[in-house]
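Ligands are counted one by one from 1 in listed order, and the atoms in each one are counted from 1 as well. Remember, it's a predicted structure, so these values are computed and weren't measured experimentally.
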Amino acid sequence: MSITTKPGGILIGGTGDQNEDPTLHGLFLELEEYQEFPKTCKKCHLPKPERAHHCSVCKRCVLRFDHHCPWIANCVGHYNHRYFLLFMTYLTIACAYFATLGWQPFLQSLEFDYEWEWWMPRPYVALTFLLAVSIGVALGGMCLWHYYLVVSAQTTVEFYNNRYAKSEARRRGEVFVNPYSLGAVNNLKQFFNVGRNYKYPIYTIFLPIPIPPSGNGKVWEKNVTQRYSTVQVDEYSEDEE
Ligand SMILES: [Zn+2]
Ligand SMILES: [Zn+2]
């Protein structure tokens, strides 16, 4: 699903086919309706909804763009980020399972005075074990990183922008607030589109079925309560004295 699902172009239906004039018209109507003044992409010169970014590999703007993944030869964006994260989760679990059960056979495969009586040749066992461990560690790290991003309601692109905004805010003695963060639990629910206020029951996370993300990826709910709770940090004003 993460490979075959289109990450979400900015035109209606998420096909990203910019030659379709009626859908381009539709996009303008939609943006007008939401009264969101769009930025214009400097590369494809189309209106750019919030959280969308231009992918230089796919040469088009992608909704809630995270990154372009060469391993799945696809962008990770609004419509397939869920599948991408679940894919990494399943693969990490599978690698951990294999590495645990494969530890003893791996040790045996290295003992050359041990008589190898199995059908599978020794080097295969050793190599598969090493692959499972190395891929499991690399993917596991990336997987945890993406759970952190989901819980804090950021994409990889936004993480770097927010980090800069955070340091700028700190310099001015203010606190940066991510407007898309609805709280850790709600961020998770929104991302997986499950639970209360969302479309699907929680157990569907464990089912290998296609589930679309919540929302159209063009307009995003903002955390209004947090916007007004921005507080001044006075530890920096003390430094100025
Ligand atoms: Zn673009
Ligand atoms: Zn891409």
- Would you kindly say whether Tyr114 and Ser109 are connected by a side-chain donor-acceptor distance under 3.5 Å? no

- Residues Glu50 and Lys222 bridged, charged N to O under 4.0 Å: yes

- Between His54 atom ND1 and Cys41 atom SG, the angle centred on the Zn ion (ligand 1) rounds (to 10°) to 100°

- Of Leu131, Val133, Thr128, which meets side-chain contact (heavy atoms from CB on, under 4.5 Å) against Phe98? Thr128

- Message: Nearest N/O/S atom of His68 with respect to the Zn ion (ligand 2), by atom name, please.
- Response: ND1

- Got a sec: is His45 within less than 2.8 Å of the Zn ion (ligand 1) via an N/O/S atom? no

- Establish, yes or no, whether a centroid distance under 6.0 Å links the rings of His67 and Phe84. yes

